[in-house]
Amino acid sequence: MKFQPPKWPDRFLKWYCHPELFEFIQGDVYELYAERTRDKGRTYANRAFYWDVLRFFRPSNLRQGSSLTQTIMIKNYLKVGFRNLRKNWTNSLINISGLTLSVGCAITTFLFADFFFHLNSIHENLDNIYQVVSHVEENQKEVRYGPSPLMLSERIRQDIPDAREVTRVQYLTGNVKYGANVFRERIQFVDPSFLEIFDFPIEAGVKQQFEAGDIFISHDMATKYFGYDNPIGQRMDVKFGEERLSFNVGGVFGSVPANTTFKPRLLLNFDTYLQLAKANINWVDEAKATFVLMNEQVNQSMLSAQFESYKKEYNEANANKPVQWFELMSFPELSNRNDIQDSIVFGNSTTGTVSIAITGLLLILFACLNYINISISTATTRLKEIGVRKVMGGSRSGIAQQFLTENFLICSIAMVFGVVACYFLLLPGFNQLSPVPIPFAFSSLSTAVIYFLSLFLILGILSGAYPAFYISKFQSLKIFKGDQQLGGKKYLSRILLTCQFILVFVTILGCLVFTDNARYIKEVSWGYEPEGILSMPIADQSQLELMEAAAGRHPDIQALSTSRGHMGVQNNLISFDRVENPFKVLSFEVAPGYTELMGLPLMSGRYFRNQDQQEAVVVNQLFVKEMDWSNPVGEVFDFQGSSRTVVGVVADVYHVFFDDDIQRPMVFSVSEEAPNFLVVKANPAKLVGVNQYLREQWSTVAPYDPFVSYFQADSFNRKYDNVDANIWFMVVLSVMTIFLTCMGLYGLLAFTLQNRIKEYSIRKVLGASAKHIILLANREFIWIIAISFGIGAPLGIWIMQDFVASFFTISKPLGVMPIVLGLLITISTIVLSVFGQIRKVTKVNPVDILKGE
Amino acid sequence: MGSSKGVNIGEFEELVLLIIGILDGQAYGVSIRDAILKETNRSVNISAVHEVLKRLERKGFVRFEIGGATEDRGGRRKKLFFITAEGKRVLEHSVALRTGLFQRIPGFSHS
């Protein structure tokens, strides 16, 4: 043909057109096309061709009854599909559970990624909100800090026209009281423009009227204090230290979506903070954060020039800690970083999110490949069915459709179960680890629809397309002759299985090493006995004295003391600025009995005596080592502006649970200033009673302040929970990988056995023993497992050693136990998963197999 | 006449029928469309022509033969249409009816 019309409309015509009419219609449109190409050019002809084909698409030209036949067939396909599911129920169960698991994981990881990529989407101007972040050099490393000087916001407001709004944010803790409800709360101080920059919904009150005497509260706070009984216009008392102030409730925030990581709870005007803290607008006093709302188009050169001059001014005022530069960091970036010191915005690392999403995809891929192996091997039992269908006139596409329908059936079941698994099991489990709980919700409805649809299609096509088209290609003659061979050498499957087993060993060994360490660390001694110690933070001096007296009257309290800061609860880390090698020390100012009460083992010298003055200090062994003293008692050094003499040395103890600084140099000195902790020691069994007694006493001593107390033994608990969550996560991960891998093994083994069952039967007839046959059938798998153990075990241990070291600070040397246990668990699972099939091969009567010929 | 089914014929159907007659054995989709364009300056879509042909065939006014393929048609054969006796009668009837009625209009000159 001289003129080639466009392909797609031509195909479309062929697809819909009634065969009897097709030739004449196509001939006519071709002829017109040729005519038009000659007369008016190709573009016009092409367009006209599309139009003609479209115009011929009318009922009288359509293939008759085609859609009708298809619907009827789909019903049949479904029916046959269900029958096959029931018939091969073990395989179906394995397939469905494998796919369910991966679908559940895929949904969970997607929810996770969707959540973190849409953090704080509530704010309309999110991309134009910036925080001023200062870069400071510390130990040859550039460190980002969230706080910025108060003068900076003042200057930005004056100098930079592109800065539409500026707000400072600061926090103070105070006792908030309404009626009989008294709680200790963290209160946020902001400028009124805060409410312009961030779009927090207001459910009562007017956001433009945020006056100096107003307090804006969140919905939760309104419920907590007022039981949600319109609080607008009510007065709340807030006590900061000794100062008691009263505020008018001016507004209540509505509830915000869960992906909002930076939420207001109790908002006061920033001017109140300036008065309370006696802070001045200069380059030294700081706000916790300064947020700027910029115009969309920003004059960059002017901006950087301004910030350069701010840096100069700042560094003149703070010669001892100069900044490298001030950076305007956008809000989305803030929420994707977790390396900003003292940041008030929750940050999450993007790499974590991405790697979790990749894990989810890998799981899906594994499950699909396993499914392909299994479904091809089960198809061998249906070879005759395929042959007969083809002989009876079944088309290849019909057979492919049958297999695809069955596959989509399995996928839909897996999808439903996957959603259930995600909702009830995986997501709650995941949330134990996640810093913010992730709800079962998508950022938008369209995201959800698109995601589920594409997941379903990908799953269905990925897992079903290959088997369906591969199987439908078989020729009936070959099938009946018994010549049909399935697959080649299956190198890909073998390599894949090896990779999966490597992953199994990595996760299992990792999990065991971690658990081993976690158990070790729970049993490890803290260096002192935390049981029986109870502490109460009390800021008010007279209250503390009254409580001390009350505690003294209780018969079960064996000892009591006071301190400023308290080990494990309020650790006051300061830098010890000596001329050479300054280092950080934990400084506790204590009453004389404190070190004795805490049970810190005395290594040399003595504990404090009652007549000791401020110059007497007790230090720990790390401090001695740091100072390089051989005979520490009696040594004199300058600390915090005065000369100190060491009177005693105590052993190193773990003051916090496996952070970087589980052990630090410590200095205990006799308190000159007012203490803020009351510490009591009692018989551990009586401690709960003592706590109750103190609570009762507190309500008479300080009716306006909330009762807070800490059991010393609990001070590590939060971390223990974290460890338990990690263990849980790793166990789940290991179980999943081993489950999916064993599915793959099952599929590959089924495949091999199907192909070689005749060979084994003949061998049996000729006298091969069961042992011999089992070995023969499993030889390649034994190799696969051996290789993957060789690679996976060292890899898993190596990775986990690093992780453990970063997580626990003190780690246990690697034992043989985890390796042996890991191997045992894996092998027993493998044996369990292949046992049924192997048994079948050894038990089957060779006659049954061979007489089919 | 006038009572039997299938005698009624539409304007476009009549036009196509006349064209088929004029083309005298060379009438198929494209040629009919081109002739309509030439004779009446009406541009119709090819699918509309096919639709009418199907209708005329159903009413028994035309019959078709399978004709030769050309290069332009990519080797596809033609469906060549001819007027049947029934078709001829319908045309005659329609023309007679029309001229009869036309001549009865008073004040029109007759040639």
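Chain A is the first sequence line, chain B the second, and so forth, proteins listed ahead of strands; every chain is numbered from 1. These numbers come from a predicted model, not from an experiment. Every heavy atom of this structure was used, including side-chain atoms; hydrogens, water molecules and symmetry mates were not.
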Colleague: With no hydrogens and no angle check, do the side chains of A:Tyr33 and A:Asn46 hold a donor and an acceptor under 3.5 Å apart?
Modeller: yes

Colleague: Just checking A:Phe469 against A:Phe403, ring centres under 6.0 Å apart?
Modeller: no

Colleague: Using a strict cut-off of less than 4.0 Å between a Lys/Arg side-chain nitrogen and an Asp/Glu carboxylate oxygen, indicate whether A:Arg389 and A:Glu385 qualify as a salt bridge.
Modeller: yes

Colleague: Taking heavy atoms only and a threshold strictly under 4.5 Å, list by residue number the residues of residues 27-43 of chain B that touch chain A; give 'none' if the list is empty.
Modeller: B:Tyr28, B:Gly29, B:Val30, B:Arg33, B:Asp34

Colleague: Using 4.0 Å as the upper bound for N to carboxylate O, is an ion pair formed by B:Glu92 and B:Arg89?
Modeller: no

Colleague: Where on A:Ile25 is there a heavy atom nearer than 4.5 Å to chain B: the side chain, the backbone, both, or neither?
Modeller: both

Colleague: Any luck finding a side-chain donor-acceptor pair between B:Ser47 and B:Asn45 under 3.5 Å?
Modeller: yes

Colleague: Between B:Lys78 and A:Glu31, does at least one N-O distance fall below 4.0 Å, as a salt bridge requires?
Modeller: no

